[in-house]
Amino acid sequence: MKQITYDAVIASPIGKLGLRTQDEYITELAWLPANRKLIAPTSSFTQLICNSLTLYFESTTRLPCFPLQPQGTPFQRKVWLAMQKIPAGQVQSYGQLAARLKTGSRAIGMACRTNPIILLIPCHRVVSVKGIGGYMGKASRTNIKQWLLQHEGVHDY
DNA sequence: GATACAGGCTTGT
DNA sequence: ACAAGCCTGTATC
């Protein structure tokens, strides 16, 4: 089995986060199980990102925009791009997003689910019209979504 | 209200 | 081609 190595793994209130970069781009920021070993960032670029993430978690600072380079289908990239335009502290429903992109709400869900860069592509700001919706394919992870939303000032979920 | 069903769109077998 | 997924709107108890 293939072991994925990250450029950095940091601890956060919602679990461990694995960061992978390529040149000066972020290619992945994934939620990891708690038994992952921490990896300190080595380059100044990854260090900067980790600092921002830590700051984001420990204060009300919102995340700055980093250059992203997510791998995915053209459709997924389109959705991810649209999601990045949702301002912090606000949420948008799958349906609204779907209407804007002229697609279906469930298709939006698929794109969210395969989001390789959590937080920076704010899939947690996309909610169902009635309820919070799911998160990363598992209902048990919606608490992460809730935490993030609450952290950004959304208390309706 | 609370279920049930069907519709619409993309992705992985 | 088929089934399934972070959904939604309408119909029917």
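All chains are named by letter (A, B, ...) in the order of the sequence lines, taking the proteins before the strands, and each is independently numbered beginning at 1. All values derive from a computational prediction rather than experimental measurement.
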>> Expressed as a whole number of angstroms, how long is the span from A/Phe75:CZ to C/dG5:P?
In response: 17 Å
> How far does CD1 of A/Ile132 sit from CG of A/Asp156, to the nearest 0.5 angstrom?
Replying inline: 10.5 Å
> Under 3.5 Å, is there a donor-acceptor pair linking the side chains of A/Glu28 and A/Tyr6?
Replying inline: yes
>> What's the closest nucleotide to the side chain of A/Val129 if the choices are C/dG9, C/dG5, B/dT11?
In response: C/dG9
> Whole-Å distance between C/dC7 P and A/Ile132 CD1?
Replying inline: 12 Å
> So which one's nearest nucleotide on DNA chain B is more toward 5', A/Lys102 or A/Thr114?
Replying inline: A/Lys102
> If you group Ile, Leu, Val, Met, Phe, Trp and Tyr by side-chain heavy-atom gaps below 4.5 Å, do A/Ile86 and A/Val91 land in one group?
Replying inline: no
> Which whole-number value in Å describes the distance from A/Lys130 NZ to C/dT10 P?
Replying inline: 12 Å
>> Nearest whole Å is fine: how far is B/dT13 P from A/Met110 CE?
In response: 10 Å
>> Please verify the inter-ring angle class for A/Phe57 with A/Trp147; under 30° counts as parallel, over 60° as perpendicular, anything in between as tilted.
In response: tilted
> C/dG5 P sits how many Å from A/Met136 CE, rounded?
Replying inline: 16 Å
>> Measure CD1/A/Ile108 against C1'/B/dT10 and give the value in whole Å, please.
In response: 10 Å
>> Does a side-chain N or O of A/Ser93 approach OP1 or OP2 of C/dC7 to a distance below 4.0 Å, or not?
In response: no
> Can you check the A/Gln96 CD to C/dG9 C1' distance for me, whole Å?
Replying inline: 15 Å
>> If you only use heavy atoms from C-beta on, which nucleotide in B/dT10, C/dT8, B/dT11 is closest to the side chain of A/Thr103?
In response: B/dT10
> Has A/Ser128 got a side-chain N or O lying under 4.0 Å from the OP1 or OP2 atom of C/dT8?
Replying inline: yes
>> Tell me the interatomic distance from A/Leu101, atom CG, to B/dT10, atom P, rounded to whole angstroms.
In response: 11 Å
